[in-house]
Amino acid sequence: MAQKNLLAARLVVDDDFEVGPVNDRLFGSFVEHLGRCVYTGIYEPGHPTADSHGFRGDVIELVKELGVTTVRYPGGNFVSGYRWEDGVGPKEQRPRRLDLAWHSTETNEFGLHEMATWLEVTGGNELMEAVNLGTGGLQEALDLLEYANVPDGTALSEQRRANGADKPFNIRMWCLGNEMDGPWQLGHKSAEDYGTLAASVAAGMRQIDPDLELVVCGSSNHGMPTFGAWEQTVLEKTYENVDFISCHAYYQPYLNEDGTRDMASFLASSVDMDGFIKDVAATIDATKARLKSTHDVHISFDEWNVWYQGEEPSKVPEGIGNWPVAPRLLEDVYSAADAVVVGDLLIALLKNADRVHAASLAQLVNVIAPIMTEPSGPAWRQTTFFPFSATARLAKGGTVLKPKLAADRVDTPRYGAVDGVNAVAVRCANGSLAIFAANRSLEASAAFEVKLPEGTEPAFVEAQTLHDDDPLAANTLDYQNRVRLQPNESAGYDAAAGVVRVLLPAVSWTVLHIS
């Protein structure tokens with residue numbers, strides 16, 4: 001199918017057909033003890049903007065602007081070898097440990113108390129705590145829960161109070177390990193063994209706090225050899241005692257045989273994410289039916305992003321004598337095209353808001369992140385910052401409307417013919433309307449039309465588009481503001497037809513706000 005010079009796409013907005021409400025947790029992020037995410041990322045005592053806790057003030061302001069809600073912590077692969085006790089108590093007494101996941105040294109200067117305080121400073125964001133089911137197990141999970149959530153009167157709750165937190169942290173959402181299906185994971189287990197352990201830990205944690213929300217590990221990506229069978233086995237063992245099963249997915253433009261990148265497939269990455277969600281949802285439904293359960297399990301897509309895995313920024317240190325503290329790891333510099341993909345992945349999450357009740361952009365600062373910093377220097381927004389921030393700002397508290405989209409198709413080597421424009425409508429909390437649209441075409445602009453509900457007479461139509469004539473343009477330390485959302489002056493309302501029209505450039509992401 002040949003590419004057209006101008007694609008056509010039409011979205012019909014109908015308030016009578018809803019996907020579901022937008023859960024605030026859809027705009028979560030992820031802080032792992034990996035590279036410079038914590039140290040010189042969110043925490044840098046001595047930085048010109050640092051507060052009395054050592055938290056970077058410039059980063060806090062950007063996190064607030066980004067609109068992050070839930071923060072998953074402390075990993076990630078890191079958690080599978082983490083002893084939570086190392087990160088509490090007087091800092092001068094905390095041990096330095098080897099981090100086997102990322103071949104680094106963990107100083108433990110930053111731990112649970114510091115994270116809880118940082119979340120308060122950033123506006124009261126929710127902590128999503130992960131427990132170690134790699135080298136740890138039931139007792140370690142119970143101890144951490146008692147330390148964190150029991151008000152007082154026990155050895156561990158009193159230890160927390162002595163360490164400066166008189167009131168419990170009251171953590172509601174807990175991840176039962178991380179990527180336990182992955183052979184790279186410290187303590188990797190079969191689905192049978194992990195499901196048995198997770199069921200035991202879930203039941204034990206509920207004996208302390210019955211109202212927890214627990215996330216069991218799903219597959220580390222859609223292409224895992226055990227995908228599907230893993231979910232089935234784990235859910236069979238844990239279904240009644242968990243509330244979520246996780247999905248993880250990272251996307252990048254893979255190399256063609258001639259050494260060029262397959263950008264056409266990359267721009268359609270949300271096709272895979274959408275399929276991943278639907279496959280896991282089908283397994284949840286089948287398990288629920290098989291068990292004759294009345295309990296609902298939802299999806300926590302608690303790791304997702306663009307990540308250039310296997311390339312130079314992702315190279316971990318090597319050697320038994322080389323365990324650096326906070327090395328520069330996974331510091332991908334994101335392009336305009338990467339931001340379009342991130343925006344399109346957000347559209348996929350919104351389209352599945354009835355099944356995906358939590359999600360975490362991985363990660364928050366420096367490590368495959370929307371926010372970058374330099375030690376003792378500035379912090380700035382990567383290109384991927386903008387679609388996330390705009391979507392979070394408008395969609396929180398809203399309702400996703402069932403997409404009625406017709407679009408010209410474009411060809412991709414990996415996914416075949418796909419819609420050239422992907423879009424979704426959200427009825428915002430204040431009654432206004434937000435439309436999020438990605439033009440996946442490498443070459444063609446798109447004439448995008450939004451048919452508004454009958455009787456709608458908008459007084460305000462605003463369009464902002466992220467696009468650069470060079471799809472590989474990026475925001476860097478030396479040029480921090482090249483790529484960002486810009487007003488799209490082509491947007492306008494046709495009262496006679498009852499439609500809003502806007503021109504979407506090739507490789508672009510656009511937000512329309514209509515009220």
Side-chain angles (χ1 to χ4, degrees), residues 11-28 67 69-70 72 126 128 172-173 175 213-216 218-219 222 227-228 231-232 234-235 238-240 242-249 269-291 293-304 342-361 387-388 391-392 394-405 419 422-429 431-438 453:
L11 180 72
V12 177
V13 176
D14 190 337
D15 287 294
D16 288 336
F17 296 90
E18 299 178 352
V19 174
V22 179
N23 195 304
D24 279 0
R25 285 174 171 167
L26 210 63
F27 303 104
T69 53
T70 305
R72 182 170 174 252
E126 181 183 9
M128 178 182 179
R172 307 321 306 158
M173 196 171 184
C175 300
E213 296 178 71
L214 303 179
V215 185
V216 73
S219 293
H222 201 185
F227 172 69
E231 279 77 5
Q232 180 180 337
V234 170
L235 283 172
T238 64
Y239 193 87
E240 295 297 338
V242 300
D243 304 283
F244 298 87
I245 185 167
S246 70
C247 294
H248 291 181
S269 293
S270 74
V271 171
D272 178 81
M273 175 183 268
D274 184 73
F276 193 0
I277 292 167
K278 286 178 168 53
D279 288 345
V280 173
T283 305
I284 293 171
D285 292 343
T287 305
K288 180 178 180 179
R290 202 159 43 245
L291 297 177
S293 176
T294 59
H295 176 59
D296 289 323
V297 171
H298 295 104
I299 292 171
S300 175
F301 217 118
D302 49 41
E303 287 189 33
W304 69 273
V342 165
D344 198 24
L345 294 173
L346 283 161
I347 291 170
L349 291 172
L350 288 170
K351 283 185 170 183
N352 290 280
D354 56 333
R355 307 309 298 253
V356 182
H357 284 202
S360 300
L361 176 68
F388 189 101
T391 307
L394 290 172
K396 282 180 189 173
T399 300
V400 181
L401 304 179
K402 192 171 181 63
K404 297 181 178 181
L405 177 68
D419 286 341
N422 190 27
V424 69
V426 175
R427 182 61 70 183
C428 304
S432 62
L433 187 67
I435 310 292
F436 307 101

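Residues L346 and W304 meet the side-chain proximity criterion, which asks for heavy atoms closer than 4.5 Å. Using a 4.5 Å cut-off on side-chain heavy atoms (C-beta onward), L235 and K288 make no contact. A 4.5 Å side-chain heavy-atom check between V426 and L394 finds every atom pair outside the cut-off. A 4.5 Å side-chain heavy-atom check between V19 and P403 finds at least one atom pair inside the cut-off. The shortest side-chain heavy-atom distance between N352 and F301 does not fall under the 4.5 Å cut-off. I347 places none of its side-chain heavy atoms less than 4.5 Å from the side chain of S270. Between I284 and Y239, the closest side-chain pair of non-hydrogen atoms falls below 4.5 Å. Residues D302 and H248 have side chains in contact (heavy-atom distance under 4.5 Å, counting atoms from C-beta outward).
No donor-acceptor pair under 3.5 Å is formed between the side chain of S246 and the backbone N or O of S300.
A search for salt bridge (Lys or Arg N to Asp or Glu O under 4.0 Å) contacts involving E231 returns nothing, not counting sequence neighbours. Among residues two or more places apart in sequence or in another chain, the side chain to side chain donor-acceptor pair (under 3.5 Å) test is passed with S432 by N430, H513. Remark: T69 engages D24, F27, K396 in a side-chain contact (heavy atoms from CB on, under 4.5 Å) (not counting sequence neighbours). Residues passing the salt bridge (Lys or Arg N to Asp or Glu O under 4.0 Å) test with D419, sequence neighbours excluded: R409. V12 is linked by a side-chain contact (heavy atoms from CB on, under 4.5 Å) to R10, K404, K451, counting only residues two or more places apart in sequence or in another chain. Scanning for side-chain contact (heavy atoms from CB on, under 4.5 Å) contacts around T70 gives R25, E126, M128, with sequence neighbours left out. Checked against ring pair (Phe, Tyr, Trp, His ring centres under 6.0 Å), F227 has the following partners two or more places apart in sequence or in another chain: H222, F276. Annotation: salt bridge (Lys or Arg N to Asp or Glu O under 4.0 Å) contacts of D354 (sequence neighbours excluded): none. For P453, the side-chain contact (heavy atoms from CB on, under 4.5 Å) criterion is met by V13, D15, R427, T456, not counting sequence neighbours. Checked against ring pair (Phe, Tyr, Trp, His ring centres under 6.0 Å), H357 has the following partners two or more places apart in sequence or in another chain: H298. For S360, there are no side chain to side chain donor-acceptor pair (under 3.5 Å) partners two or more places apart in sequence or in a different chain. Applying the salt bridge (Lys or Arg N to Asp or Glu O under 4.0 Å) criterion to D279, with sequence neighbours excluded, gives no partner residue.
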V234/V242 under side chain to side chain contact (heavy atoms under 4.5 Å, CB included): CA gap, chis, key distance, verdict | CA-CA 11 Å; V234 170; V242 300; over 6 Å; no
Could you check D285 against R355 for salt bridge (charged side-chain N to carboxylate O under 4.0 Å, His left out), going step by step and ending with a plain yes or no?
-> CA-CA 11 Å; D285 292 343; R355 307 309 298 253; 2.8 Å; yes
Working for side chain to side chain contact (heavy atoms under 4.5 Å, CB included), residues I245 and T238 = CA-CA 10 Å; I245 185 167; T238 64; over 6 Å; no
Output, in order, the C-alpha distance, side-chain angles, deciding distance and verdict of side chain to side chain contact (heavy atoms under 4.5 Å, CB included) for M173 and V215.
-> CA-CA 7 Å; M173 196 171 184; V215 185; 3.8 Å; yes
Would you sort out whether T287 and V297 count as a side chain to side chain contact (heavy atoms under 4.5 Å, CB included), showing the intermediate values?
-> CA-CA 10 Å; T287 305; V297 171; over 6 Å; no
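Between I277 and A348 the shortest heavy-atom distance is CD1-O, 4.5 Å. Counting all heavy atoms, side chain and backbone alike, S219 lies closest to G228 at OG-N, 4.4 Å. Of all the heavy atoms in C175 and R72, the pair that sits closest is SG-NE, 3.6 Å. When all heavy atoms of G20 and A353 are compared, the pair lying nearest together is O-CB, 4.5 Å. Of all the heavy atoms in H295 and D243, the pair that sits closest is CE1-OD1, 3.8 Å. Nearest heavy atom pair, residue A429 against residue G397, reads CB-O, 3.6 Å.
For the atom pair L345 CG and S269 OG, the distance stands at 6.0 Å (nearest 0.5 Å). Rounded to the nearest 0.5 Å, atoms CZ (R172) and CG (L214) are 10.0 Å apart. With rounding to the nearest 0.5 Å, the separation of CE in M273 from NZ in K351 is 13.0 Å. Atom CG in D274 sits 9.5 Å away from atom CG in L349 (nearest 0.5 Å).
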